[in-house]
Amino acid sequence: MAYELYYWSGIQGRGEFVRLALEESAADYLDKGRQPDCDGALLDFLARRDLAQPPFAAPFLKDGDVVIGQTSAILLYLGDRHQLAPKDEAMRIWTHQIQLTIADLVAEAHDVHHPLGANLYYEEQKPEALRRAKYFREERIPQFLAWFETILARNPSGEAHLVGAAVTYADLSLFQVVEGLAYAFPRRMKRALADAPSVAALHQAVARRPRIRAYLESSRRLAFNEQGIFRHYPELDG
Ligand SMILES: N[C@@H](CCC(=O)N[C@@H](CS)C(=O)NCC(=O)O)C(=O)O
């Protein structure tokens, strides 16, 4: 039975981390976020009263009777089933730990343009966003990239992957977060990636993987835009 991926229409968002894992695995999946009235269907699903384990928010993945919310938990599940994570327990949890750290970075990237809350428009929180952007650009982007650079350097199997000698969902997610940050903060990321050459190399290597490249070139891959998590507001870059 095909997986069903529930996510909002019109944006890559957090759903994209799941899509990349599904695409790399050549898994059979139905992208509900690309179907007519998908946002209504998503809200209807969240409102279901018959689920003992309802997800809190999108994305969530349905695999028959199993429903999994939280991007990192979905990837933990897919990683085991599609050889996108090591089998060894310690390394499996290490991969999950990296994914959770990427999820923190994604949340911080979102909070740059919505520092007061998602209930207000960006235009209603611009002064706070400008302050948050400076901190994010100058301190947080370098801190996160330096950590990825360190773990690539310390991987006993070499710097080509975050974990072990084969691709994992963490590599795919690092690709996606670098893509998003480079869209949102092109000036800053040009300099930041020059200081993180192993991260930059892994980003390029993932983009060249045949199934990922085919997906990126397909109409299934939406462009970044100013409704998603990674938004390009030139005044927040620098
Ligand atoms: N930690 C969750 C965050 C989920 C999340 O914030 N989803 C957003 C869309 S990207 C949403 O639908 N939020 C609605 C809400 O939080 O009520 C994850 O990584 O999946």
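Computed from a prediction, not measured in an experiment: that's the story for all the values here. Counting starts at 1 for both ligands and their atoms, following the listed order.
Closest to atom 6 (O) of ligand 1, if we only count protein heavy atoms, is Arg14 NH1, 3.3 Å. The protein heavy-atom contact nearest to atom 13 (N) of ligand 1 is Ala57 CB, 4.0 Å. Atom 10 (S) of ligand 1 has its closest protein heavy atom at Tyr7 OH, 2.8 Å. Here the heavy atom of the protein found nearest to atom 16 (O) of ligand 1 is Phe56 CE2, 3.8 Å. Nearest non-hydrogen protein atom to atom 8 (C) of ligand 1 is Ala58 O, 3.6 Å.
The N/O atoms of Pro59, backbone and side chain alike, include none that comes under 3.5 Å of an N/O atom in ligand 1. Residue Trp8 has at least one nitrogen or oxygen atom sitting less than 3.5 Å from a nitrogen or oxygen atom of ligand 1, judged on distance alone.
Using cut-offs of 30° and 60° for the angle between ring planes, the His203 and Phe175 rings count as parallel. Taking the six-membered ring for Trp and thresholds of 30 and 60 degrees, His114 and His110 have nearly parallel ring planes, at less than 30 degrees apart.
Side-chain contact, Glu16 with Tyr7: no donor N or O sits under 3.5 Å from an acceptor N or O.
Residue contacts with ligand 1: Ala103 is excluded, as none of its non-hydrogen atoms falls under 4.0 Å.
A pairwise comparison of heavy atoms in Tyr183 and Asn225 identifies OH-CA, 3.9 Å as the closest pair.
Screening Gln83, Arg211, Arg19, Arg209 for a side chain to side chain donor-acceptor pair (under 3.5 Å) with Glu24, the sole residue that qualifies is Arg209.
In the candidate list Gln70, Gln99, Gln12, Gln70 is nearest to atom 1 (N) of ligand 1, counting heavy atoms.
Less than 6.0 angstrom separates the ring centroid of Tyr3 from the ring centroid of His82.
The local environment of CD in Gln53 is sparse, with at most 12 non-hydrogen atoms from other residues, nucleotides or ligands closer than 6.0 Å.
Taking every non-hydrogen atom of Thr71 and a distance limit under 4.0 Å, the qualifying atoms of ligand 1 come out as 18 (C), 19 (O), 20 (O).
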